[in-house]
Amino acid sequence: MNTVNGGISFWYAQDGTPAPREPLPGDTSADVCIVGGGYTGLWTAYYLKKAVPFLNITVLEARFCGYGASGRNGGWLYNGIAGRDRYAKLHGHEAAVRLQQAMNDTVGEVVRVADAEGIDADIHRGGVLEIAQTPAQLARLKAFHAVEIAFGEKERRLLGARETAERIRVTGAVASSWTPHGARLHPAKLVKGLAAAVEALGVTVHESTPVTEIRPNHAVTPYGTVRAPYVLRCTEGFTASLKGHRRTWLPMNSSMIVTEPLPESVWAEIGWEGREALGDMAHAYMYAQRTADDRIAVGGRGVPYRYGSRTDNDGRTHPATVAELREILVRFFPRLAGTAVDHAWSGVLGVPRDWCATVTLDRSTGLGWAGGYVGSGVATANLAARTLRDLIQQDSGQSGPTDLTALPWVGHKVRTWEPEPLRWLGVRTLYTAYRHADHRESTTHTPTTPRLATWADRISGRH
C-alpha cells in the first residue's frame, strides 16, 4: 500500500473535513473579533461566550477551523509549557510553580469540557511516558525528572528499565519518567467538536476568510473589515503571514507518520496497554501515541524551517523526513520493520525567539494575542484562552484580577527573530547540531551531553 502524503493530516483523512462555513459577507462589527479558528481561538470564544452570553463574538479563519496545528498535531494533551524555566528566572520559582500547577489542572479541564459538550475525541488519560535510551539521555532524564518534582509534580515517577518495559517495550530503553498529567486524543475530533460547541453558543464563525492585517479595533480581510473593541490574534504558526509579523514567531515544521492498524499479536509484544503519550530525551526529540484504532502515530522535526517563514498548504512531507520517522519507529520497535505507513503529513507551530509561550492583552489598543507554544499547544491553548477571557473581563470592568491574570507568562515581551538569511541559517545550523549530538550519543555511549547540543540550546534560547 502506498503512503498517503499530505492531505492536511491523517486525522482528517480518518474523520473527514468539516462542512464549509460561509466567508465574511462584508464589513461588520463585533464586541470581540478572534483571528484564527484553531484551539486558541475557539477555546477563547467558548469561554468568553460562557462567561458573558450577550457578547457578540466573531471568529475569522483563513481556511477551515482546525486547518493548522490544531488538526495536525500528535494528540498530546499534557502539562508541558514552553518557557517555564525562564519564567522562574524572571519572576521567581513560586510564580513558575503556579504556572505549572495551572497546566496540570488544564489537562483535566479539557477532558471536563469535552465530556460536558459531548465531544468524543478518543481521549484516554494514560499520562505521559518519556524514555531514555543512551547514557547521556539517562542523565538528562534524571535531571528533567528532578526539576519537574521541584516544580510541584509530586505524582511523577522515575521508572527503571524493568518498570518501563512493564508499560511499553521500547528497544534499548534504560529508564523513563511518567506523569499522570497527560492524555492521548484525536486532534481533529476535538477541534471539530469545539467549533460546533462554539457555534451552538451563538458565536459567529467565518471560514475561507484570511486576515491580512490586524490593527487596533480592526481585522482586515479581502471580503471586508471587522471592527471590534477587542481583536485577538490566535494564529500560532501562521502569524508570519500577517502584515508586520514576519519575524514575530518562527513557523517551525513538525512532521508525522501513522502506521496501519496493528494486530493483537504485535501489541502483545509491544505492550502499551496504558496508551501513554510517548516521548524521548533526544535533542531532536520524537513524540508518539497509540491511537484508538491501534495504530502508532510518530512525529518529529524533519525539515524544521522553510526560508522566509513560509508555510505549507496541504501538509505534504519530504520523503527523507518520512524515512527518518520510519527509522525512529523501527528503532523503537524492530518488530515493525515491515509494517506499512498509511499516512504522512506536516504542520507548523509557533516559536518565539526565547521559546516562551505568552498571553497578552494590550489595554491601550484592545489588541490581544496568545501562542508561541513550541509544540505544547493542545493543553496550553486552553489555559491561554481562559486567561484571555479573564484579561478582557478585567479590562472591561466586569471583574478584577484573577489567579490566571497573575501568572508569569501574562504580558511577557520577547524580541523578534533575526532577518533572513540569518533566520534560516540559524535554525538549520541548530538542528544539524542536535542531530549530530544525538548520533554521537547513540554511537559512542558518552554519559554526558555533547557541547555541541549545549551550545545549540544556549544560542536558540531553549534553555
Answer whether the closest heavy-atom distance between the side chains of V258 and V341 falls below 4.5 Å. no
Distance alone, cut at 3.5 Å: any donor-acceptor contact between the side chains of D390 and T405? no
message = Using side chain to side chain contact (heavy atoms under 4.5 Å, CB included), reason through T58 and I34 one step at a time and then give a plain yes or no.
response = CA-CA 6 Å; T58 295; I34 297 171; over 6 Å; no
side-chain contact (heavy atoms from CB on, under 4.5 Å) test vs C356 passes for just one of Y373, W409, Y87, namely Y87
Taken to the nearest 0.5 Å, the spacing of M252 CE from L349 CG works out to 6.5 Å
Closest heavy-atom pair, G71 versus S9, reported as atoms and distance to 0.1 Å, is O-OG, 2.7 Å
* Asked: Does some side-chain heavy atom of L278 sit less than 4.5 Å from a side-chain heavy atom of I131?
  -> yes
**Prompt:** Which is it for Q394 and S399 under the side chain to side chain donor-acceptor pair (under 3.5 Å) test, yes or no, and what are the steps along the way?
**Reply:** CA-CA 5 Å; Q394 179 183 350; S399 70; over 6 Å; no
**Prompt:** Do D105 and Q101 meet the criterion of a side-chain donor-acceptor pair at a distance under 3.5 Å?
**Reply:** yes
- Task: Examine distances only and state if a side-chain atom of E236 and a backbone atom of G371 form a donor-acceptor pair shorter than 3.5 Å.
- Result: no
Residues 192-240 vs ring pair (Phe, Tyr, Trp, His ring centres under 6.0 Å), sequence neighbours excluded, gives none
Legend entry - Any donor-acceptor pair under 3.5 Å from N217 side chain to A228 backbone: yes
Does any N or O in the side chain of S364 come within less than 3.5 Å of the main-chain N or O of D362, such that one atom is a donor and the other an acceptor?
no
In R157, E130, R156, the residue satisfying side-chain hydrogen bond (donor to acceptor under 3.5 Å, both in side chains) with S177 is R156
Requested in this report: Mark yes or no for whether W11, through its side chain, and N73, through its backbone, hold a donor-acceptor pair below 3.5 Å.
Outcome: yes
Establish, for the pair R353 and W417, whether the NZ or CZ atom is under 6.0 angstrom from the six-membered ring centre and no further than 45 degrees off its axis. yes
On a heavy-atom basis, the closest approach of S346 and S255 is OG-OG, 2.7 Å
Query - CA sep, side-chain torsions, deciding dist, call: K49, V198, side chain to side chain contact (heavy atoms under 4.5 Å, CB included) - result: CA-CA 8 Å; K49 194 68 173 176; V198 162; over 6 Å; no
(message) Is it the case that the side chain of T317 and the backbone of W345 share a donor-acceptor pair, with hydrogens and angles ignored and the cut-off at 3.5 Å?
(response) yes
Dump the intermediate steps for side chain to side chain contact (heavy atoms under 4.5 Å, CB included) on L24 and T28, then the final yes or no. CA-CA 9 Å; L24 182 71; T28 189; 3.8 Å; yes
dist L232:CG -> L361:CG (nearest 0.5 Å) comes out at 7.0 Å
CG (L190) and CG (L77) are apart, to the nearest 0.5 Å, by 8.0 Å
Residue pairs passing the side chain to side chain donor-acceptor pair (under 3.5 Å) test with at least one member in residues 183-205, sequence neighbours excluded, are Q14-H186, D15-K192, R21-E199, D122-K189
Separation between CG (D85) and CG (L90), nearest 0.5 Å, reads 11.0 Å
* Between the main-chain N or O of R295 and the side-chain N or O of T291, is there a donor-acceptor pair closer than 3.5 Å? -> yes
Margin query: Run L42 and Y46 through side chain to side chain contact (heavy atoms under 4.5 Å, CB included) and show every step you take.
Written below: CA-CA 6 Å; L42 293 174; Y46 178 85; over 6 Å; no
Item checked: Backbone N/O of A82 and side chain of S376: donor-acceptor pair under 3.5 Å -> no
- Query: Hey, are the side chains of L404 and R389 touching, using non-hydrogen atoms and a 4.5 Å cut-off?
  - Reply: yes
In terms of heavy-atom contacts, A370 and V359 come closest through CB-CG2, 4.0 Å
**Message:** Assess whether a salt bridge exists between E61 and R63, defined as any Lys/Arg side-chain N lying under 4.0 Å from an Asp/Glu carboxylate O.
**Reply:** no
Less than 3.5 Å apart, any donor N or O on the side chain of Q100 or R84 sitting next to an acceptor on the other? yes
**Heavy-atom donor-acceptor pair, T358 side chain to H412 backbone, under 3.5 Å** = no
TODO: For E22, look at atom CD and say whether over 12 heavy atoms of other residues, nucleotides or ligands are found less than 6.0 Å away.
DONE: no
Open item on the list: Less than 4.5 Å apart, side chain to side chain, heavy atoms only: is that true for T221 and L60?
Closed with: yes
Taking every heavy atom of S208 against every heavy atom of P23, the minimum-distance pair comes out as O-CB, 4.0 Å
Distance only, no hydrogens: is a donor on one side chain within 3.5 Å (strictly under) of an acceptor on the other, for R386 and T106?
yes
When you check the side-chain N and O atoms of N79 and N104, is any donor under 3.5 Å from an acceptor? yes
- Message: Looking at W76 and A288, would you say the former's side chain and the latter's main chain have a donor-acceptor pair under 3.5 Å?
- Response: yes
Smallest heavy-atom separation, V59 atom then G36 atom, equals CG1-O, 3.8 Å
Closest heavy-atom pair, P408 versus A96, reported as atoms and distance to 0.1 Å, is CG-N, 4.4 Å
Between the NE2 atom in H145 and the CD1 atom in I149, the distance rounded to the nearest 0.5 Å is 4.0 Å
Original post:
Is the distance between the ring centroids of F64 and Y12 under 6.0 Å?
Top reply: yes
message: Side chains of T3 and N5: any donor to acceptor distance under 3.5 Å?
response: no
Item checked: Pair D403-R98, salt bridge (charged side-chain N to carboxylate O under 4.0 Å, His left out): steps then yes or no -> CA-CA 9 Å; D403 289 343; R98 288 189 286 108; over 6 Å; no
Here's one to test your reading of the geometry: is the NZ or CZ of R233 within 45 degrees of the ring axis of W249 and under 6.0 Å from its centre?
yes
Output for pair (N56 CG, C33 SG), nearest 0.5 Å, gives 10.0 Å
Next on the checklist: Applying side chain to side chain donor-acceptor pair (under 3.5 Å) to T380 and Y39, what does each step give before you reach the verdict?
Outcome noted: CA-CA 9 Å; T380 313; Y39 289 146; over 6 Å; no
Backbone of T40 reached by a side-chain donor or acceptor of T44 within 3.5 Å: yes
